[in-house]
Amino acid sequence: MVTKTYDNSHFDESTNGVVVMVEPYSQKQQIQQVVYRILDANLDRAREGLRIIEEWCRFGLNNAQFALECKRLRQELAKWHTPELRAARDTPGDPGTELTHPQEEERVSIKSVLQANFCRIEEALRVLEEYSKLHQQSMAKACKQMRYQVYTLESNLMGYQRHQLLWRSRLYLVTSPSENLLNNVEAALKGGLTLVQYRDKNADDSLRLEQAKKLRQLCHIYGALFIINDRVDLALAVDADGVHLGQQDMSVTVARQLLGSQRIIGLSTTNAEEMQRALTEGADYIGVGPVYETPTKVGKAATGLEYVSYAAKNCSIPWFAIGGIDANNINDVIDAGAERIAVVRSLMQAEQPTLVTQYLLSQLNRIKPEVISH
Ligand SMILES: Cc1ncc(COP(=O)(O)OP(=O)(O)O)c(N)n1
Ligand SMILES: Cc1nc(C(=O)O)sc1CCOP(=O)(O)O
Ligand SMILES: [Mg+2]
């Protein structure tokens, strides 16, 4: 005789009212409810994350293409969010609503908001893919496809943001070894700097790696781009925004194969021929110089302002005049046609890098914004 009772027991006339155990059926139903709750929660999670990204694409970037892709994905998810899944919701009984992670509270920039939400969507889609295998195979397949579409969206959007910021950047700080490296760079970032290159020709790799990681983090906090001089491997190791190459370094073509299209590749040029090669090989920006002879790059002859004027007329990608530029001669360089400059000593040896950054930017910003285009 069965004496145990179960929630999903039923009255069976054939046994004269004796309670019949239907445990296998009951368990199956309970598991189905759990699966439905998981699907319901993760459909919401993925859609919320997409909405957050969509708002930035729409209002922050004014980019209809990215915004539409987010909307399309949200709508596709909505199709799978059926009433039976919604009916399984039990928010008061969900212990997860109380759990937060400290990182959820930390959002230092738009980039970190976007990255956190892409991560959230991708995780949710992975959960949906796995659990919907217990519910509906076609849903599992669709979620897998959507996950790959979100990876593509992430890569395209993050790359787009990088390139937008590159085009908007007018002042570029190339660092030199300094005991005050981080403080100096931070002071310049406080002045509005948006582009930083880590350059140390002599340090050990372990020190380079340590400093590059710290600088990347700092730039990330201030929403600035972080580029590594010479070394593609280091750029990848610290997840930098890109690399700056010289004529003697690895070619742009090979660097592009290693870094992909979303990261930035810059190339030094000293003449029209090198500029043309940089354009043909697909560099994202070039250095134009040395405009003046400089102790920072001993032995490299100055190109003078003529090459600056040539770049102003012929270069279709962002270019930075570099070499011996400071607060005293910046207006000569601007008058020759420069819209963007790169400096080492002017900021690394400044007593007040914030003020010097603000001054240099104020001079560069006198150039009409419509001149700088993408
Ligand atoms: C913005 C910018 N322009 C030029 C250079 C010089 O690069 P390169 O010729 O490779 O010389 P090193 O900097 O490696 O000594 C640069 N770093 N940045
Ligand atoms: C690193 C570098 N590259 C140059 C080039 O012309 O390719 S000039 C340069 C040094 C620029 O330093 P400063 O601002 O102190 O003169
Ligand atoms: Mg180099």
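What you see is a predicted model; the values in this text were computed from it and never measured. For ligands, and for the atoms within them, numbers begin at 1 and follow the listed sequence.
Two residues are said to be in side-chain contact when any heavy atoms from C-beta on lie closer than 4.5 Å; T357 and L189 fail this criterion.
In terms of protein heavy-atom proximity, atom 17 (N) of ligand 1 is nearest to Q197 OE1, 2.9 Å. Closest protein heavy atom to atom 1 (C) of ligand 1: Y172 CE1, 3.5 Å. Regarding atom 2 (C) of ligand 1, its nearest protein heavy-atom neighbour is H244 CE1, 3.2 Å. Looking only at heavy atoms of the protein, atom 11 (O) of ligand 1 is closest to K297 NZ, 2.9 Å. Of all protein heavy atoms, the one closest to atom 14 (O) of ligand 2 is V344 N, 2.9 Å. Regarding atom 6 (C) of ligand 1, its nearest protein heavy-atom neighbour is S268 OG, 3.0 Å.
For ligand 1 and G287, the ligand atoms under 4.0 Å from any heavy atom of the residue are 3 (N). Proximity to R199 (heavy-atom distance under 4.0 Å) selects the following atoms of ligand 1: 12 (P), 13 (O), 15 (O). If you number the atoms of ligand 1 from 1 as listed, the ones under 4.0 Å from a heavy atom of D249 come out as 10 (O). Those atoms of ligand 1 that come under 4.0 Å of a heavy atom in N229, given as number and element, are 12 (P), 13 (O), 14 (O), 17 (N). Of all atoms in ligand 2, numbered sequentially from 1 with element shown, those under 4.0 Å from a heavy atom of T294 are 12 (O), 13 (P), 15 (O), 16 (O). Below 4.0 Å from some heavy atom of G289 lie the following atoms of ligand 2, by number and element: 6 (O).
Distance alone, capped at 3.5 Å, places no donor-acceptor pair between the T194 side chain and the A224 backbone. Side chain of N63 to backbone of F66: a donor-acceptor contact under 3.5 angstrom is found. A donor-acceptor distance shorter than 3.5 angstrom exists from the side chain of D200 to the backbone of A203, with no hydrogens or angles considered.
One finds a salt bridge joining E130 and K133 here, because a Lys/Arg side-chain nitrogen approaches an Asp/Glu carboxylate oxygen to under 4.0 Å. A salt bridge does not link D249 with R231: none of the charged nitrogens is closer than 4.0 Å to a carboxylate oxygen. By the 4.0 Å N-to-carboxylate-O rule, D230 lies too far from R208 to be salt-bridged with it. Salt-bridge check for D40 with R86: failed, with every basic side-chain N at 4.0 Å or more from each acidic carboxylate O. Here E54 pairs with R74 in a salt bridge; the nearest charged N to carboxylate O distance falls below 4.0 Å. Using a 4.0 Å cut-off between charged nitrogen and carboxylate oxygen, R120 and E48 count as a salt-bridge pair.
Exactly one residue among E154, E123, E129 makes a salt bridge (Lys or Arg N to Asp or Glu O under 4.0 Å) with R147. That residue is E129.
Of the polar atoms of K297, none of the N or O atoms is found under 3.5 Å from an N or O of ligand 2, judged by distance alone. At under 3.5 Å, a nitrogen or oxygen of K201, whether backbone or side chain, sits near a nitrogen or oxygen of ligand 1. Some N or O of G246 is nearer than 3.5 Å to an N or O of ligand 1, by distance alone. Considering both main-chain and side-chain atoms, V174 never comes within under 3.5 Å of ligand 2 through any nitrogen or oxygen pair. Below 3.5 Å of separation, one finds an N or O of T296 facing an N or O of ligand 2. The N/O atoms of D230, backbone and side chain alike, include one that comes under 3.5 Å of an N/O atom in ligand 1. No N or O atom of Q247 sits closer than 3.5 Å to an N or O atom of ligand 1. Ligand 2 has no N or O atom lying under 3.5 Å from any N or O atom of V343, backbone or side chain.
Looking only at atom types and distance, the side chain of R199 has no donor-acceptor partner in the side chain of H244 under 3.5 Å away.
Contacts between K300 and ligand 2 below 4.0 angstrom, taking non-hydrogen atoms only, involve the side chain exclusively. Residue-level proximity to ligand 1 for K300 is carried by the side chain, the only part with a heavy atom below 4.0 angstrom.
Within the structure, the closest approach of F320 to ligand 1 does not fall below 4.0 Å when heavy atoms are considered. For R199, the heavy-atom gap to ligand 2 drops under 4.0 angstrom. Under the 4.0 angstrom criterion for non-hydrogen atoms, G287 is not in contact with ligand 2.
Here the closest heavy-atom approach between residue I317 and residue A283 is recorded as CD1-O, 3.4 Å. Nearest heavy atoms, Y292 versus L305: OH-CD2, 4.0 Å.
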Given ring pair (Phe, Tyr, Trp, His ring centres under 6.0 Å), test H220 with F226 step by step and report yes or no.
CA-CA 8 Å; H220 186 72; F226 180 59; over 10 Å; no

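Ring-plane geometry between Y307 and Y310 is classed as parallel, the angle between the planes falling under 30 degrees on a 0 to 90 degree scale with a further cut at 60.
The angle that D230 OD1 and D249 OD2 make at the Mg ion (ligand 3), rounded to 10°, works out to 80°.
The residue from D326, I322, N229 that puts a heavy atom closest to atom 8 (S) of ligand 2 is I322.
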